Amino acid sequence: MLAIAMILTTTATTTAAVAAEAARPQQVCPVKPTVVLIHGAWAGASSWSAQVTDLQRAGYPVRAIGNPLRGLTSDAQTVRDFLDTIEGPIVLVGHSYGGSVITNAATGDEDVKALVYIDAAAPDTGETTAELSGTGSALGANRATLYDQVGTDLYLKQDVFQNSFGQDLPKTQSALLWAEQRAAAMAAFTTPSEEPAWKTIPSWYFIATGDKIIVPDSQRAMAKRAKSKVTEFKGGSHLALVSHPEAVSHVIEAAICSLR
């Protein structure tokens, strides 16, 4: 297996079992699908840098592509068009709003064999990403205190980014990521989802209990209805893919190793 940064608590595995698993030699999965990584709002493809490194080291073909962040329908089409260029099985991974995108992009695509949600939204038909943040989400505050708005584009304010989006990162790192964030159009959060791919494609769900953007209870509810295999990571933040990358890589590899 890929190295595990710290012990995980999962719905199917005890803490002791995970510790034992970490000590085993690297597992060779029977199939080597292409792993496609889709970032969320206020981020970019580079947020997956650690996972790309981990997966390439393990011998998997992997691509982290740009998510336009313009609107759910068009963003999903962009990803769907990219998936059409890949031959063979695919494991499709989404973080945050990227979860909504993969939910729509993979519908009807027989090459997508597994979906992986990382602190992500997994909407059902007619739901918007915005309504899935959950009670108590930092995004429930007044818009004027959350965003710097340029036309229809939204940037997270620095205090929100550092204290609620990536609060477990060193301040110098979160300040850098805040400065480099990509704007997200309001339509990304308000466009209703179409038929979800998780109804027909097996899914995995990584939930950081310290997530203040899509709160854990909301993620648990989405994972339950999708019948996902759930891993709960104690602590972390919405940017656990950056702050605890090996734990996230481990869940992605679990989905890969399910393929036969």
Side-chain angles (χ1 to χ4, degrees), residues 34-52 55 61-86 90-109 111-112 115-133 137 139 143 146-157 160-161 165-166 176-198 201 203 213-214 222 238-239 241-242 248 252:
T34 299
V35 183
V36 179
L37 306 165
I38 307 300
H39 66 81
W42 309 301
S46 62
S47 60
W48 294 111
S49 291
Q51 286 75 40
V52 170
L55 292 165
V62 56
R63 298 294 301 273
I65 68 170
N67 181 358
L69 308 179
R70 298 294 86 197
L72 182 54
T73 303
S74 60
D75 292 345
Q77 186 62 54
T78 296
V79 173
R80 188 178 296 115
D81 290 344
F82 182 81
L83 298 179
D84 287 343
T85 70
I86 297 173
I90 297 168
V91 171
L92 187 57
V93 186
H95 169 244
S96 189
Y97 164 70
S100 294
V101 174
I102 70 170
T103 294
N104 285 259
T107 300
D109 191 330
D111 290 331
V112 179
L115 302 169
V116 186
Y117 293 92
I118 307 297
D119 292 319
D124 202 347
T125 305
E127 292 180 337
T128 67
T129 302
E131 67 188 85
L132 296 173
S133 295
S137 167
L139 298 185
R143 181 180 293 179
L146 290 172
Y147 307 116
D148 294 316
Q149 186 167 343
V150 181
T152 61
D153 279 352
L154 304 175
Y155 293 86
L156 278 183
K157 288 184 177 292
V160 178
F161 195 104
F165 196 72
L176 175 64
L177 294 175
W178 166 78
E180 295 176 343
Q181 70 177 290
R182 290 181 55 198
M186 286 188 286
F189 310 110
T190 59
T191 304
S193 182
E194 298 182 3
E195 183 70 13
W198 49 255
I201 301 174
S203 59
I213 299 299
I214 305 178
M222 289 185 282
H238 194 60
L239 287 180
L241 77 168
V242 177
V248 171
I252 296 170

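Values below: every heavy atom of this structure, side chains too, minus hydrogens, waters and symmetry copies. Just so we're clear, the structure is a prediction, and the values are computed from it rather than from any experiment.
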Closest non-hydrogen contact found for Thr129 with Ser100 is OG1-OG, 2.8 Å
With sequence neighbours left out, what residues match Thr78 under side chain to side chain contact (heavy atoms under 4.5 Å, CB included)? Pro68
Grab the two heavy atoms, one from Trp42 and one from Leu69, that are nearest each other, plus how far apart they are. N-CD1, 4.2 Å
Is the shortest side-chain heavy-atom distance between Leu239 and Leu241 below 4.5 Å? yes
With side-chain contact (heavy atoms from CB on, under 4.5 Å) as the criterion, how do Leu72 and Glu194 come out once you've worked through the C-alpha distance, each side chain's angles and the decisive distance to 0.1 Å? CA-CA 9 Å; Leu72 182 54; Glu194 298 182 3; over 6 Å; no
Should the ring pair Trp48 and His95 be called parallel, tilted or perpendicular, given that the plane angle runs from 0 to 90° and is split at 30 and 60? perpendicular
Give me the atom names and distance for the closest heavy-atom approach of Ile201 to Ala106. CD1-O, 3.8 Å
Do Val79 and Ile38 have side chains that get closer than 4.5 Å, going by heavy atoms? yes
Working for side-chain contact (heavy atoms from CB on, under 4.5 Å), residues Val160 and Tyr147: CA-CA 8 Å; Val160 178; Tyr147 307 116; over 6 Å; no
Where do Asn104 and Ser193 land on the side chain to side chain donor-acceptor pair (under 3.5 Å) test, with the steps shown first? CA-CA 7 Å; Asn104 285 259; Ser193 182; 3.0 Å; yes
Would Asp111 and Leu83 count as a side-chain contact (heavy atoms from CB on, under 4.5 Å) here? Give the steps. CA-CA 9 Å; Asp111 290 331; Leu83 298 179; over 6 Å; no
Let me confirm one number: the CD1-CG distance from Ile90 to Leu115, rounded to the nearest 0.5 Å. 11.0 Å
Using side-chain heavy atoms (C-beta onward) and a distance below 4.5 Å, is Leu37 in contact with Val52? yes
Heavy-atom closest contact (Ala41 atom, Phe189 atom, distance): CB-CZ, 3.7 Å
Ile214 vs Met222, test: side-chain contact (heavy atoms from CB on, under 4.5 Å). Steps then yes/no. CA-CA 11 Å; Ile214 305 178; Met222 289 185 282; 4.0 Å; yes
Give me the ring orientation class for His238 and Phe165: parallel if the planes are under 30° apart, tilted from 30 to 60°, perpendicular past 60°. tilted
Among Asp75, Asp153, Thr152, Thr191, find the one that has a side-chain hydrogen bond (donor to acceptor under 3.5 Å, both in side chains) with Arg70. Asp153
Quick one: does Gln149's side chain have a donor or acceptor within less than 3.5 Å of a partner on Gly151's backbone? yes
Value for CG (Leu177) from CG (Leu156), rounded to nearest 0.5 Å, stands at 12.0 Å
Report yes if the side chains of Val35 and Val93 come closer than 4.5 Å at any heavy-atom pair, otherwise no. yes
Nearest 0.5 Å please: distance from the CZ atom of Phe161 over to the CG atom of Leu146. 13.5 Å
From Gln51 atom CD to Ile252 atom CD1, the distance as rounded to the nearest 0.5 Å: 5.5 Å
Is the closest side-chain heavy-atom distance between Pro123 and Thr128 below 4.5 Å? no
Give me the atom names and distance for the closest heavy-atom approach of Ala43 to Ser47. CB-OG, 4.2 Å
Keeping the roles fixed (side chain from Asp148, backbone from Tyr155), state whether a donor-acceptor pair exists under 3.5 Å. no
Atom pair CG/CG of Leu154 and Leu139 - distance to nearest 0.5 Å: 10.0 Å
How close do Thr103 and Thr107 get, heavy atom to heavy atom, and via which atoms? O-OG1, 3.1 Å
Would you give the length of the straight line joining atom CZ of Arg80 to atom OG1 of Thr85, rounded to the nearest 0.5 angstrom? 14.0 Å
Residue Arg182 excluded, over 12 heavy atoms near CZ under 6.0 Å: yes
